[in-house]
Amino acid sequence: MEDGIEKAGEKSYGREAYMAYVAEGLGNLLDWNEVMKFQRKNGSLFNSPSTTAAALVHNYDDKALEYLNMLVSKFGGAVPTVYPLNMHCKLSMVDSLEKIGISRHFSSEIEGILDMAYSFWLQRDEEIMMDVATCATAFRLLRMNGYDVSPDELSHLGEASNFHNSLQGYLNDTKSVLELYKASKVSVSEHELILDNIGNWSGSLLSEKLCSERVQGLPILEVEYAVKFPFYTTLERLDHKRNIEHFDARGSHILKTECLPYGINQELLALAVEDFTFSQSIYQDELLHLDRWVKENRLDQLQFARQKLTYCYLSAAATIFPPELSDARISWAKNGVLTTVVDDFFDVGGSKEELENLIALVENWDEYHKDDFCSEQVRIVFCALYTTVNQLGSIASAVQNRDVKNHLIETWLHLLRSMMTEAEWQRSQYVPTMEEYMTNGVVSFALGPIVLPALYCVGEKLLGSAVKNQEYSELFRLMSTCGRLLNDSQGFEREGSEGKLNSVSLLVLHSGGSMSVEAAKNAIQKSIVASRRDLLRLVLKEGTAVPRACKELFWKMCKILHLFYFRTDGFSSPKEMASAVNAVINEPLRLSS
């Protein structure tokens, strides 16, 4: 608390609020007229029965008496420490359900709570607005669930000095700072400067607290994790496991005394454990099926190809996690393996003749003949593509109740042609413009065959008109731009040593020597942030052509990419992901006693 006093100053609003907050113990030491300026619309002071009663003794007020009479008639002699705490409790419950991966089982109840919270938000109701942590949590949950909320309501917290001058700042409340930091990360526009400012000062303050080990009221690991891994670098199932294993079964909220706002946490935890354990058994079976598929299609016999099955499946299981979405996971993982094989074929494994042969086979598809293969490698790659795409196309077509196989084939053809363009650029040592590179690069990054077929398998009807809609193209472009630029930024040295151009080296080249590699990387980083924000805005926008469940897959892939390329060229660093694979698929939960 001393830190809060030093920062806030002796005559700060925060100190005045705190003195009023604990007024029942100070009696005649206070100016009770000054205390009454903290009275809320419901007649209370800080929603605290004890503070309100003390104020009433020293300074009669009709509204304060009404508030206390209401409490006595509602609760009898044993009134709660704080009332109302309703919205804080409900938002905490929604947050907990999302954190441990079982929110989908309570979708109608959550919708009711968030509708009420949105109504309170629009009315600027004190129950949300007067508490920093509740306000920040409401903003984050409402925005991430598709409600139109403006960060302007957080403008009074845009500067660290404003927070330090509040009651929560005076109390040195880490939870409030953490919730503000999390809220700042759900920015959907470069113009949301309020969120950028909050993110800057709250992130610095949390880092300071961690360095000096002055984290109060929260597990230090929770704060450490939030600062180290912003929400756009996390995989849901990994988070669920961590949160289940470190679940705070008491769910308490520190007020004047410790308050236990809800009491069904053990039942929730039991449901989360059962749900996660059952999911793991499904994931293990699916991975065995995929392992057989790799061998049946002889993909393990291709010497040039990286064996990335477990990582491809991790990206599916850790994000498209509900057990019933097996078709989407299998589609995602199989196409992930195939795009890795094809990428390696174009990079190192195939001759010009083989690459042209593969493209011709895909162009002709059903009309190929057994004598059309110029090598055994082409035979293996094409036959795996042909069999898998036909099979997945049949499943997707049955779900959609229309034939979507041709769309899957076109997606693959689009990819192969873009890869051929890059191969030809490298052979002829052509230096593309940045625009040429990015237009081709968002396709050659190879997310199309992974994400687009899976959209058909998440339980929503995806109309042909939606697939042709500009929104669909923009979702793909923004997701792939993030991936391409993240890869280029982290893989710049490796690709440079292989004689390959990427966006970093192109920026430097086309600048005529005026831009350093560091400056180019900074420019690329700004583009990544802008594309990520634009993608999130499009995903969260309601009432659009592409269903929300389908749009979520573009965002899930974006998060996977941010994690994979978080510190290194992750897809070339197997050890980086080994523990994540085991955590999601193999290792059972380890519950704290």
Side-chain angles (χ1 to χ4, degrees), residues 187-193 196 199-200 230 232-233 339 342-344 346-348 350 352 355 414-448 470 473-538 557-558 561-573:
S187 172
V188 295
S189 167
E190 62 183 324
H191 302 300
E192 294 188 324
L193 300 179
D196 290 345
N200 289 335
Y232 52 81
T233 65
T339 54
V342 168
D343 185 43
D344 291 343
F346 273 79
D347 265 359
V348 294
K352 184 171 185 289
L355 303 183
H414 202 195
L415 171 63
L416 295 175
R417 286 171 176 161
S418 71
M419 286 179 163
M420 181 59 94
T421 297
E422 285 187 355
E424 287 168 353
W425 285 347
Q426 193 170 0
R427 264 195 297 272
S428 65
Q429 295 190 309
Y430 174 71
V431 179
T433 65
M434 192 65 175
E435 186 181 356
E436 285 175 320
Y437 174 80
M438 286 306 299
T439 301
N440 193 72
V442 294
V443 180
S444 66
F445 193 64
L447 299 182
Q470 175 63 28
S473 303
E474 190 65 358
L475 286 161
F476 176 74
R477 185 188 70 80
L478 291 167
M479 169 191 70
S480 297
T481 297
C482 283
R484 171 52 69 194
L485 295 181
L486 282 163
N487 174 80
D488 287 2
S489 184
Q490 292 290 3
F492 167 71
E493 283 80 9
R494 177 180 58 80
E495 292 187 335
S497 69
E498 295 169 0
K500 294 179 185 174
L501 291 169
N502 72 20
S503 55
V504 177
S505 53
L506 282 173
L507 278 179
V508 174
L509 274 172
H510 289 308
S511 74
S514 66
M515 184 179 273
S516 66
V517 169
E518 201 56 40
K521 283 188 172 182
N522 287 338
I524 293 299
Q525 184 57 36
K526 284 181 181 174
S527 295
I528 292 168
V529 172
S531 295
R532 184 180 69 234
R533 285 174 167 174
D534 289 347
L535 177 61
L536 184 58
R537 182 173 67 249
L538 206 48
M557 177 56 89
C558 184
L561 295 164
H562 275 84
L563 180 64
F564 274 28
Y565 294 105
F566 194 43
R567 288 193 188 84
T568 61
D569 177 6
F571 215 53
S572 299
S573 312

Do Trp425 and Asn440 come within less than 4.5 Å of each other through their side chains, counting heavy atoms only? yes

Indicate yes or no: does Asp347 engage Arg494 in a salt bridge with an N to O separation below 4.0 Å. no

For Ser187 versus Ser189, what's the shortest heavy-atom pair and its separation? OG-O, 3.2 Å

Taking all atoms of both residues into account, what is the closest heavy-atom pair of Leu485 and Ser527, and its distance? CD1-CB, 3.6 Å

Start with the C-alpha distance between Ile524 and Asp488, add both sets of side-chain angles, then the distance that settles side chain to side chain contact (heavy atoms under 4.5 Å, CB included), and finish with yes or no. CA-CA 9 Å; Ile524 293 299; Asp488 287 2; 5.6 Å; no

Drop me the distance from Gln490's CD to Glu495's CD, to the nearest 0.5 angstrom. 11.5 Å

Shortest non-hydrogen contact from Lys352 toward Met420: O-CE, 4.5 Å

Any donor-acceptor pair under 3.5 Å from Ser418 side chain to Leu415 backbone: yes

Distance in Å, Leu535 CG paired with Met479 CE, rounded so as to fall on 0.5 Å steps: 8.0 Å

Would you sort out whether Asn487 and Phe564 count as a side chain to side chain contact (heavy atoms under 4.5 Å, CB included), showing the intermediate values? CA-CA 9 Å; Asn487 174 80; Phe564 274 28; over 6 Å; no

So, for Thr339 and Met419, which heavy atoms are closest and what is the spacing to 0.1 Å? O-CE, 4.5 Å

Would you check, one step at a time, whether the test side chain to side chain contact (heavy atoms under 4.5 Å, CB included) holds for Tyr565 with Ser489? CA-CA 9 Å; Tyr565 294 105; Ser489 184; over 6 Å; no

To the nearest 0.5 Å, what is the distance between SG on Cys558 and CG on Leu563? 11.5 Å

Should the ring pair His562 and Tyr232 be called parallel, tilted or perpendicular, given that the plane angle runs from 0 to 90° and is split at 30 and 60? perpendicular

The reported gap from CD in Gln470 to CG in Leu475 (rounded to nearest 0.5 angstrom) is 10.0 Å

Please say which of Ile528, Leu486, Thr233 ends up in a side chain to side chain contact (heavy atoms under 4.5 Å, CB included) with Leu561. Leu486

So do the side chains of Phe346 and Glu422 get within less than 4.5 Å of each other, counting heavy atoms only? no

Full working for side chain to side chain contact (heavy atoms under 4.5 Å, CB included) between Arg484 and Ser444: CA-CA 9 Å; Arg484 171 52 69 194; Ser444 66; 3.2 Å; yes

When rounded to the nearest 0.5 angstrom, what distance separates CZ in Phe476 from OG1 in Thr481? 9.0 Å

Once side chain to side chain contact (heavy atoms under 4.5 Å, CB included) is applied, do any residues pair with Asp534, and if so which ones, sequence neighbours excluded? Leu478, Arg537

Just by distance, no angles: are the side chains of Arg477 and Ser531 close enough, under 3.5 Å, to form a donor-acceptor pair? no

Flag, side chain of Ser428 to backbone of Glu424, donor-acceptor distance under 3.5 Å: yes

Got a second to check how far Glu192's CD is from Glu190's CD, nearest 0.5 Å? 10.5 Å

Note, His510 side chain near Val431 side chain (heavy atom, < 4.5 Å): yes

If every non-hydrogen atom of Ala519 is compared with every non-hydrogen atom of Ser516, which pair is closest and at what distance? N-OG, 3.0 Å

